[in-house]
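Step one of this worksheet: look at the structure below.
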2 protein chains.
Amino acid sequence: MPAYQSAATLPDPSIIAAVPLFAGLDGPARARILAAAQWRRVKAGDAVFRQGDEAETFYVLVDGYLKAVQTNAGGQQILVHFVNPREFFACVAMMEGQRYPVTMLAIKDSVALAWNRAETMQLVRRHPAVAANALMGFGSRMLEFQSRLRDSQTEKAGRRIAQALLQLSRNSGRKTECGIIIDFPITRQDVAEMAGTTLHTASRTIAGWERDGVLSCSRQKIVVTDPDRLAALAEVAEES
Amino acid sequence: MPAYQSAATLPDPSIIAAVPLFAGLDGPARARILAAAQWRRVKAGDAVFRQGDEAETFYVLVDGYLKAVQTNAGGQQILVHFVNPREFFACVAMMEGQRYPVTMLAIKDSVALAWNRAETMQLVRRHPAVAANALMGFGSRMLEFQSRLRDSQTEKAGRRIAQALLQLSRNSGRKTECGIIIDFPITRQDVAEMAGTTLHTASRTIAGWERDGVLSCSRQKIVVTDPDRLAALAEVAEES
DNA sequence: CGTGTTATTGATAGATCTCAAAGATGGTGG
DNA sequence: CCACCATCTTTGAGATCTATCAATAACACG
């Protein structure tokens, strides 16, 4: 599996060069940061950390894909977000005494760089640019949350599902000749948990769109063949 | 109105001393930051900025209360959050070329400190502690959003309303002999928009709790008389 | 070729929204 | 000081969406 192979190539500064969090840092600084990091490998299906664990480690995903799921007291789950390569996650680790609010599961074999809290704090303090970058990354995730929160309250299930798929195709899609394919295995249940609905409703809705030719899918795979139509479905009520 | 009066007292470093964002800074640094700030006064009902405006200014609320509302394409609103004294807002201003994602309305006469983007960036770069504090503040708001997002998808309307009121009483409540009073005028519509429901459902639900003695309310005023019962309602299904 | 996971589909029940109207409340101006 | 008006709140009845329950079908893996 290529994901895992590339993990074998150890301290390579080029890996870190493309991480937005470290934008604006010079070579030596990056090398130092990289030197302070631990490598963490996680197999598909395993957890990087679990909801409720003491938040001690901050991560940057180098390769693979993760999903963050949160469970409420009643045992119901929602899928909070996906983590793509080059993104950072587990920012709570910067806050003293916090616990991870989500369980972070690998959906492909994955590799991450890890820093403990002391190192992370030092990182932020020594490199103001990193703090600024973190704030930006944080900010855009916040915006995404805001719009999801709004949608979950004002939109109907169908539109929320469209929204979720659209966002997925934009953030984690790979373009092919037959459409935008979502780069990791994803179940109807996942989509439902993202859109805040049940897998039944998600299944029905997606089946309908497949009939309409908006997308095509097989087991754990979704290909968006007509992104524009999908975007339209995410915006306006589907009339038919 | 006391809120407005205290605005008259100009550059007083003690104002800034209690702002968590500036925790860990020494006196001279605070004085410099304060000197770079503009004062901004807003009357109840007026907007500090509007959704879609170029995000150029970053703020710290000194006195009063604000609410952040977001409108979607269809004209439906949600109440994203409230801003309490000493909290910062409009972090998007740190990001180049962004627009405000919400409209920020004063619900009481309010006073804020304002910095333009250049000053804000300098602030963050010169004082790593500020960046760290901002990350924390951001982080806890993010956690709040996550749990709201989860609730909006997994919980019933009643519980979401309880959750909203509970959070409101904790963040913006003032303790009195007859219970925790929410410190600013708030309508059923506001509560509904916060909980992601309609004012009708909110009205009915709240009326029910008033009969049960959990809270008492009059026009634009809510007093939580039994916080424990309310907390219970927010956690477990109400059986009756 | 079993076996467990994932996906589809139908029928039903229930919560919540929508539509509609009337009842409070408090401030304003005559 | 009172009448009026805008805003906020309450309440009812019906429509609708979506969750829930239940079963079957398709698929991948060992």
Side-chain angles (χ1 to χ4, degrees), chain A residues 1 44-45 67 72 74-79 105 107 151-162 164-165 182 184-212 215-223 237-240, chain B residues 1 43-45 67 72 74-79 105 107 151-162 164-165 182 184-211 215-223 237-240:
Chain A
M1 191 160 283
K67 65 176 177 184
N72 72 0
Q76 282 174 299
Q77 279 197 345
I78 73 154
L79 208 166
L105 294 169
I107 45 183
D151 291 349
S152 76
Q153 302 185 348
T154 61
E155 306 295 352
K156 302 233 175 297
R159 232 177 294 180
R160 295 203 307 266
I161 294 169
L165 290 178
I182 290 165
F184 46 78
I186 183 168
T187 66
R188 298 287 181 280
Q189 176 83 45
D190 286 330
V191 175
E193 284 176 9
M194 248 198 118
T197 178
T198 58
L199 88 153
H200 310 277
T201 302
S203 176
R204 274 185 251 267
T205 309
I206 290 175
W209 290 339
E210 189 167 19
R211 272 191 289 277
D212 292 353
L215 40 78
S216 74
C217 48
S218 54
R219 193 189 182 81
Q220 299 199 343
K221 206 178 74 180
I222 295 177
V223 184
E238 56 254 59
E239 58 271 46
S240 68
Chain B
M1 191 159 283
K43 283 213 284 284
K67 66 176 176 183
N72 71 2
Q76 282 174 300
Q77 280 196 343
I78 73 157
L79 209 166
L105 293 169
I107 46 184
D151 291 348
S152 75
Q153 301 186 348
T154 62
E155 305 295 355
K156 300 234 174 294
R159 233 179 292 181
R160 295 202 306 266
I161 294 169
L165 291 178
I182 290 165
F184 46 79
I186 183 168
T187 66
R188 299 288 181 280
Q189 176 85 47
D190 286 331
V191 175
E193 285 176 10
M194 248 196 120
T197 177
T198 59
L199 87 154
H200 310 278
T201 303
S203 176
R204 275 185 250 266
T205 310
I206 290 175
W209 290 339
E210 189 167 18
R211 273 190 288 277
L215 41 79
S216 74
C217 47
S218 53
R219 190 192 183 80
Q220 300 199 340
K221 205 179 74 180
I222 294 177
V223 183
E238 56 256 56
E239 58 270 47
S240 67

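Convention: sequence-line order gives letters A, B, ...; per-chain numbering from 1.
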Any chance you could list the contact pattern along nucleotides 6-14 of chain D? Use B for base contacts, S for sugar-phosphate-only contacts and - for none, protein heavy atoms under 4.0 Å, 5' to 3'. -BSBBBBB-
How would you list, by chain and number, every residue that makes a side chain to side chain donor-acceptor pair (under 3.5 Å) with Thr197(A), sequence neighbours excluded? none
In terms of heavy-atom contacts, Ser152(A) and Gln153(B) come closest through CB-NE2, 4.1 Å
Where Trp209(A) and Gly158(A) come nearest, the two heavy atoms and their spacing: CH2-O, 3.3 Å
Expected output: side-chain Arg188(A) to main-chain Leu199(A) donor-acceptor under 3.5 Å: no
Can you name the side chain to side chain donor-acceptor pair (under 3.5 Å) partners of Gln189(B), sequence neighbours left out? Glu193(B)
My understanding is that only residues two or more places apart in sequence, or in another chain, count here; which of them pass side chain to side chain donor-acceptor pair (under 3.5 Å) with Thr187(A)? Asp190(A)
Can you find a side chain N or O atom of Thr197(A) that sits less than 4.0 Å from OP1 or OP2 on dT18(D)? no
Is there any salt bridge (Lys or Arg N to Asp or Glu O under 4.0 Å) pair reaching into residues 196-209 of chain B, and which pairs are they, with sequence neighbours excluded? none
Considering the terminal five base pairs at each end of the helix from dC1(C)-dG30(D) to dG30(C)-dC1(D), what angle separates the two local helix axes, rounded to 10°? 40°
In whole Å, what is the span from the CD1 atom of Ile161(A) to the C1' atom of dT8(C)? 14 Å
What one should report as the nearest heavy-atom pair of Cys217(B) and Ile206(B) is SG-CG2, 3.9 Å
To the nearest angstrom, the CD-P distance between Gln76(A) and dA19(D) comes to 10 Å
